[in-house]
Q: 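Handing you a structure now.
Computed from a predicted structure; not experimentally measured. The analysis underlying the following values was restricted to heavy atoms, covering all of them including side chains, and did not include hydrogens, waters or symmetry mates. Whatever order the structure lists them in is the order used to number ligands and atoms, beginning at 1. The first residue in the sequence is number 1, and the count goes up from there.
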Amino acid sequence: MKVSFGTCTDAGVRRELNEDAVLAASPIFAVADGMGGHAAGEVASALAIEKMSSLAGRSDVRPDDVLHALDEANTAILAYERDVAETAGMGTTISGVCLGLVAGSPHWVVFNVGDSRVYRFADGELRQLTVDHSEIAELLAAGRITAEEALVHPLRNVVTRSLGVMPPPVADVWVLPVLARERFLICSDGLPLEVPEDIIAAQLAEDSPAQAVAEVLVSAAVLAGGRDNVSVVVVDVSAPDDAAEADEVTAPRKHLAEQA
Ligand code: MN
């Protein structure tokens, strides 16, 4: 099994700072979207990414390990706020995937707190795996607003779950089998805000390297208006039919080390 990835992030056109942060360190990939104003949002997202990066280089990550790292991130943000008064109230979203071991075989552990997203592109189809934790998502689910209204709604920025709160947020976690060929997209809300999903799907369908796809998607969001920070991580997985290489599926550590 071969894992490759690309990342790109941009402050966008309207925001002075980029409070997003990205992580791509096999087997863990994530995007965090910080909030809390000057010199706070980017601290919260960086702390979250730092804690999640404790899973980098491991071949035996279980869903509980991901939840534990999220909990440590929450604690670290709260501790920082206690030490540095002007960061009070900061927080961050976090979404991502981690290639882990479930019942002894490789699986993707998909996780989410907030309104950053994980999509899976496989067999020509784009599917959003995560459920947004936002006021907008609640209104949409309740049928109170349409998808078009959601894009310009005044509550667009209000997340209902984030890291940096007490009691700690409940994180969503999904465990998925590894497909022979698939592509994950992890992004902050600045991407879907500017780029329709059919355009995102068309870019993911391109037979381009993950890094090129990540850069094209971020550029598209900036060119379309860039109203928010925008961050993208693209993760490509392919399992060759070749039997010798297929053996590597049971030895992700060896493979991931080679990637690094
Ligand atoms: Mn954002």
Q: Are Phe121 and Val97 joined in one hydrophobic group, where the rule is that I, L, V, M, F, W and Y side chains link up if heavy atoms are under 4.5 Å apart?
A: no
Q: Measure from the ring center of Trp108 to the ring center of Phe184 and say whether it is less than 6.0 Å.
A: yes
Q: With sequence neighbours excluded, tell me which residues meet side chain to side chain contact (heavy atoms under 4.5 Å, CB included) with Val175.
A: Pro63, Val102, His107
Q: With the side chain counted from C-beta on, respond yes when Leu191 and Ile200 share a heavy-atom pair under 4.5 Å apart, and no when they do not.
A: yes
Q: Taking the Mn ion (ligand 1) as the center, what protein N, O or S atoms are found at less than 2.8 Å?
A: Asp33 OD2, Asp189 OD1, Asp228 OD2
Q: Mind jotting down which residue pairs meet the side chain to side chain donor-acceptor pair (under 3.5 Å) criterion with at least one end in residues 216-225? Sequence neighbours excluded, please.
A: none
Q: Listing request: all side chain to side chain donor-acceptor pair (under 3.5 Å) pairs with a residue in residues 64-73, at least two apart in sequence or in separate chains.
A: Arg58-Asp65
